[in-house]
Amino acid sequence: MLKEGAIESRLVAGPLVVTTWPRSFLLPPHSRGKLLRDFNQSTVVVGHGYASFQANRRSLISFSDDVSLLVVLIDTNPFFWSTSSSSLNFHQFVSHVLVFLDLIVRLSQLNQIVVIATGHNTCDYIYDSSLDTDQVTGEGELPALYSFVLQRLEEFVDKDEKLGAKQEGLSEKRASSLLSGSLSMALCYIQRVFRSGPLHPQPRILCLQGSPDGSEQYVSIMNAIFSAQRSMVPIDCCYVGSHNSAFLQQASYITGGVYVKPQHLEGLYQYLATVFAVDLHSRSFLQLPRPAGVDFRASCFCHKTTIDMGYVCSVCLSIFCKHHDKCSTCGLVFGKVQSDAASDRKRKVPES
Amino acid sequence: MNNSEKKRMNGEAEEENEEDVEDEGRDAWERTYTDERSWEALEEDESGLLQPIDNKAIYHSQYRRRLQSLSATSAASRIQKGLIRFLCVVVDLSKAAGEMDFKPSRMAVIAKHVEAFIREFFDQNPLSQIGLVIIKDGVAQSLTELGGSPEAHIKALMVKLGCAGDSSLQNALELVHDTLHKIPSYGHREVLILYSALSTCDPGDIMETIQKCKKAKLRCSVIGLSAEMFVCKHLCQETGGSYMVALDEGHFKELLLEHAPPPPALAEFAIANLIKMGFPQRAAEGSIAICSCHREAKVGEGYICPRCKARVCELPTECRFCGLTLVSSPHLARSYHHLFPIEPFTEVSARQLELSRVASKTCFSCRESLLTPGTNKAGPCAACTKCKQYFCLDCDIYIHESLHNCPGCESRRITPAAASATMS
């Protein structure tokens, strides 16, 4: 259970504002009751009967085609959350997400969820609904799932801050989170589910991201996207930041997922429940938000501007906007056969 | 000496006679099981349930040997790889391709696996092109031109192909040489020959043709389906390709798919050049235009060439009117993992894992337990040299074959100071 009293969140580094968790739980009491009443499932699931419910679930081996495994990647980057000027702050965001996770669990007895947190300096697993150690029963005001996830999130944010404490303040204004790390971990987990046998739920990945794209992660994120495309795992994204994320738009387009940038962030739960709660089989019957226009143009390496036409080095595939004599990435001179010394050195290596 | 040799030969002949006598009483399908009895490898545990055969360790050791051989060839310094490849696949459809030692026939097996190879090839090398050539009745014909669309090649291959006549290696090489002579100088010229015959009927001196190919910088590789031939071996040695002979269907598939990733390139084989490419934008929804590939009016979904504004249906392609190569940035990004490969993980024995101070013995990326199932002892695993995290064997294979990112390294933030310290 959460402690009474203010719990300081460690969403801090450098010149940023310290925020504190509110005294009571995240949702104000009157709206929490309303949300719970709106669920038309039985309330036995929550809290007391949770352990026996899980035991019964495993004896059912008929996986119908609308069972899903949802891997949620939550962005906890403090640089984004403390400077975001939108109407959503971190504890409101987490409350929307927790209610959404509860919805997924209740939609089908066989649904599984895994939560991975994307921090600024590290990524880690927060919750796995199929693990025995993560089955919690609880009594009291909060559903057991909520308090467990909140506690683990708080531990993760502490760890993230400690890892960052050794570094000096960031020089760049836009600090990105480690999306490529959590995407890679999610894909490895999904491969493990595939290996577990012929009966398994259909996996998909949901990215709840707000931080801007980090250009140093471009190659890793594209590798993860192509691997997801090969394993047929859709990557959905609900982007809560200010400008659109080009990486995540490409990810959703290439893997066949859905990209949504909600206009009214106070109603985030409604976007999550109507668009992302549906399993993959039923998506063919719904009209989900379609991408408005994914920009696949490349940006040149010298000026970082997007270009329509450019020159590509045939050896290292770097893109330039103007004709150069020498490639700045691989150092080769264009249009000429290489010098004898260089070619001798390179010729020796393959033969050995 | 002579007597003992004779006796040994007689003994062997007697054994063969005995086997023949026994085999005559059996049907053909029974004879295939005389040597290999796969059911004898099954074991039962104490309650009578079948135990699964532990293929995992064997599979992983095979995978590691392959990885070691690959990394040994691309030694310390970064080797250039030929990313823009022009490959001609030559399929031998002589009478030998109708043999039934590969079920149902060599030709059917070749066609099936070449289809899978073409898809994998375009997946790994989106900027490259393939052309198909067949050898039949001693004559080589070009089945498809050099092109970048996998569907066109597969459709041409799946048409019912018959096999007849002799095979002619020289004719095939001449045809391929003429085809590949016309391509631009930045492309890598490669030939992959799938040879089933045991002979070649040539109109001239094949050694001259081989020298001609060598001068034109064609890299010829051969996969043989019957037995090793000197002429093929000589061809591959002269041109720098690889010659392998397939033992069975599974081995053939493996050998074929080994040619999909780009091979290490010798610097003088292709001159580095700046290629002008266009990055088209998607056409607006609901816009109507006549597409240049099908010559019919289409609505919406297409791309517009930035130079001549013609509409094309799919990428990557060459604009039909102005000749500009049109690609999108994901196509270039597909080849980046060849340029920035990750290091192989080191193998960690069970003892080392037990001695390590890791708290929970689970794989870092998939959180599966690293302990051998059923016991409390640690099993074998792999560790990354840079981030020192532990991974299970299956994640090791997945990371190196498909993902190309180490989750441990990606989950760390390296400051510029630390990065320069490690690089210097």
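Quick note on labels: first sequence line is chain A, next is B, and so on, each numbered from 1.
Ranking A/Cys313, A/Ser180, A/Cys316, A/Gly310 against chain B, the residue ahead of the rest is A/Gly310, based on heavy-atom pairs under 4.5 Å. Chain A forms more heavy-atom pairs under 4.5 Å with one residue of B/Gly240, B/Gly278, B/Ala333, B/Ser328 than with any other, namely B/Ala333. When each of B/Arg307, B/Arg334, B/Arg282, B/His331 is scored by its heavy-atom pairs under 4.5 Å with chain A, the top score falls to B/Arg334. For chain B, the option among A/Val219, A/Leu179, A/Ile116, A/Ile190 with the highest count of heavy-atom pairs below 4.5 Å is A/Val219. For the set B/Leu403, B/Leu326, B/Thr325, the entry with the most heavy-atom pairs within less than 4.5 Å of chain A is B/Leu403.
Within the 4.5 angstrom heavy-atom criterion, atoms from both the backbone and the side chain of B/Arg367 approach chain A. Proximity to chain B is limited to the side chain of A/Ser231, based on heavy atoms less than 4.5 angstrom apart. Neither the backbone nor the side chain of A/Ser196 comes within less than 4.5 Å of any heavy atom in chain B. Contact of B/Tyr303 with chain A is made through the side chain alone, with heavy-atom distances under 4.5 Å. For chain A, the nearby part of B/Ile399 is the side chain; its heavy atoms alone come within less than 4.5 Å. For chain B, the nearby part of A/Ile319 is the side chain; its heavy atoms alone come within less than 4.5 Å.
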From CA spacing to verdict: side chain to side chain contact (heavy atoms under 4.5 Å, CB included), B/Asp394, A/Gln191:
CA-CA 9 Å; B/Asp394 298 308; A/Gln191 286 300 312; over 6 Å; no
Carefully, step by step, assess B/Leu127 and A/Leu317 under the rule side chain to side chain contact (heavy atoms under 4.5 Å, CB included).
CA-CA 10 Å; B/Leu127 303 170; A/Leu317 298 186; 3.8 Å; yes
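Shortest non-hydrogen contact noted between A/Ser227 and B/Tyr398 is OG-OH, 2.6 Å. The minimum heavy-atom distance between A/Tyr125 and B/Phe364, with the atom names listed, is CE1-O, 4.2 Å. Annotation for A/Val312 and B/Met277: closest pair CG2-SD, 3.8 Å, computed over non-hydrogen atoms. Between A/Asn223 and B/His404, the shortest heavy-atom distance links the atoms ND2-O, 3.5 Å. Listed here is the closest heavy atom pair of A/Arg195 and B/Cys366: NH2-SG, 4.3 Å.
Put simply, OG on B/Ser335 and CE on A/Met222 are 11.0 Å apart, with the number rounded to the nearest 0.5 Å. Once rounded to the nearest 0.5 Å, the distance linking SG of B/Cys395 with CG of A/Leu187 reads 10.5 Å. For the atom pair CZ of B/Arg412 and OG1 of A/Thr122, the computed distance is 10.0 Å after rounding to the nearest 0.5 Å.
Contacts of residues 247-256 of chain A with chain B at a heavy-atom distance below 4.5 Å involve A/Gln250, A/Tyr253, A/Ile254, listed in sequence order.
The environment of CD in A/Glu155 is crowded: more than 12 heavy-atom neighbours from other residues, nucleotides or ligands sit within 6.0 Å. Environment of NZ in B/Lys276: crowded, with over 12 heavy atoms of neighbouring residues, nucleotides or ligands closer than 6.0 Å.
Side chain of A/Ser314 to main chain of B/Asn273: a donor-acceptor pair is present (N/O by atom type, distance under 3.5 Å, no hydrogens or angles). Of the possible polar contacts, one joining the B/Arg413 side chain to the A/His120 backbone as a donor-acceptor pair under 3.5 Å is found. Without hydrogens or angle criteria, B/Tyr186 side chain to A/Val315 main chain gives no donor-acceptor distance under 3.5 Å.
A donor atom on one side chain and an acceptor atom on the other are found under 3.5 Å apart for B/Glu410 and A/Ser220.
When each of A/Ser182, A/Ser184, A/Cys123 is paired with B/Pro407, the side-chain contact (heavy atoms from CB on, under 4.5 Å) condition holds for A/Ser184 and for no other.
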